[in-house]
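What follows is a set of notes on a single structure, which appears directly below.
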Amino acid sequence: MSDALHLLSATEIAQRLHAGTLTSRALVEALLIRYRNLNSKVGAFTYLSESDVIAQAEASDERRKQGKTLSSLDGIPVAIKDNIAVKGQPLTCSSKMLAKLISPYDAHVIEALRAAGAIIYGRLNMDEFAMGSSTENSALQKTYNPWDLARIPGGSSGGSAAALAAGFVPLALGSDTGGSIRQPASHCGVVGLKPTYGLISRYGLVAFASSLDQIGPMARSIDDCELLLNALASPDARDMTCFDQGQRTLLPPVAVNQLRIGIPRGILDKGVGQEVAAATRAAIDFYRAQGATIVEVDLPSSDLAVPTYYVVATAEASSNLARYDGVRYGHRSSQATTPVEMMTLSRSEGFGPEVKRRILLGTFVLSAGYADAYYVRALRARSKILSEHLAALEKVDMILTPTVPTPAFKAGEKISDPLQLYLEDIFTIPANLAGLPALSVPCGKSQHLPVGFHLVGAPLSEKKLLAASRVFEASHPYRHQQAPL
Ligand code: GLN
């Protein structure tokens, strides 16, 4: 049996741990063997301390023996994207700038996972500072899609999605500013949720674009995604955008035959690949057959989402990344003779090309004389996108689209064309601009590559989205298929 432990969902693992037919240590040892054999091919992890994860597993087994199990996550490994702080471990954001940084503290989500008894399991590769859609912007290493090692896993949480699809770990954390949880989830055939803005504390998440960034759960099944979400979503005064206890009541799920699903008019004509369109239509037909009401909705300003995002996100990034000046921490150039030269060279040497492009763009759109033409207009477009979504979500429970227009592309294929790459997020970005919860659910294949559909709901409708997709998952055995590694 131990050779198949990597196929188990977290929910199944929890049952076996509880029944005493599995120990956390045996699970972790099986996962470590898989990691040793396959991580060099997939490149999902950038750091993993075997002795540390074994010690955490033993501590969990000991608690279980004494009847002091902390939660249903006790003894279950969760791998962490490398922009979320874990005390005593690297926090590189896959950047040369932070290559030597060891985090002095735990993020809120890490504290929450430790309190639940979860095993904090290694660091996952990502696009540098979470900027990208293929994980090719990592300054540390390449990550490949477990379904086809010639292809990218998506990004920026590419390490997280690849680790799940490769069976390295049952659960992972990602972060999502414009689609970085959902797009790689779609490309790797796993589930990824970006929560409502404010549901999960970002204390200990390295900031990219603060009005958009969220941490979220990634898993191989809907139940697992919900299990992890529940552990992460708690109040935290250290992130002032994080909801208080009184503000975080989630909307109740709706039975599938009561469900109203909105489809944006003409959505499948927008550069969507044939097989992706077919898989999305099949998902819509499935819901219709289950008794859900399918209606067309109008979201005309969504066409502005990508340009709006690349103004707002880069503006915020240029400000957030100003702190990496070679003075307090991070890379410091050894070539400089004056303080100004030191700062200039430290930034020139420490940041990669995409991060530099974003800082330049963000500085430009905020600069005197241009801010009104770019930044202020983008904010106006953003509020239109929000009001159109809220109006549509008065009439429907959720909006369904593909997650990404096309399946995972070949490594290197889009590296010299950033604008092409920006279009990967055309369906995911509106939810970030509007602060709404959104979920990617595996729904089929385009040739041999997974594709997902995307659900967006009203604020705090996570349970509705999860319940609706659970119905789909239950009748699509696809969910537990593993990448052919
Ligand atoms: N791909 C988008 C970008 O490059 C989104 C990234 C993210 O969500 N972190 O900015």
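Residue numbers run from 1 in the order of the sequence given. What you see is a predicted model; the values in this text were computed from it and never measured. Values reported hereafter were calculated over all heavy atoms of this structure, with side chains retained and with hydrogens, waters and symmetry mates removed. Whatever order the structure lists them in is the order used to number ligands and atoms, beginning at 1.
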> Taking atom types as modelled, is there a side-chain donor on Ser133 or Asp425 under 3.5 Å from an acceptor on the other?
Replying inline: yes

> Applying a heavy-atom distance cut-off of 4.0 Å, which protein residues contact ligand 1?
Replying inline: Ala130, Met131, Gly132, Ser133, Ser156, Asp176, Thr177, Gly178, Gly179, Ser180, Phe208, Tyr309, Tyr310, Arg358, Asp425

> With Glu128, which residues qualify under side chain to side chain contact (heavy atoms under 4.5 Å, CB included), at least two apart?
Replying inline: Ser95, Phe351, Val355

> Does atom OH of Tyr287 have more than 12 heavy-atom neighbours, drawn from other residues, nucleotides or ligands, at distances under 6.0 Å?
Replying inline: yes

>> Show, in sequence, the C-alpha distance, side-chain angles and deciding distance for Lys96 and His331, and conclude whether the side chain to side chain contact (heavy atoms under 4.5 Å, CB included) test is met.
In response: CA-CA 7 Å; Lys96 268 194 210 154; His331 174 72; 5.8 Å; no

>> Just to verify, what does Arg265 make a salt bridge (Lys or Arg N to Asp or Glu O under 4.0 Å) with, not counting sequence neighbours?
In response: Glu296, Asp298

>> Just to verify, what does Glu354 make a salt bridge (Lys or Arg N to Asp or Glu O under 4.0 Å) with, not counting sequence neighbours?
In response: Arg357, Arg358

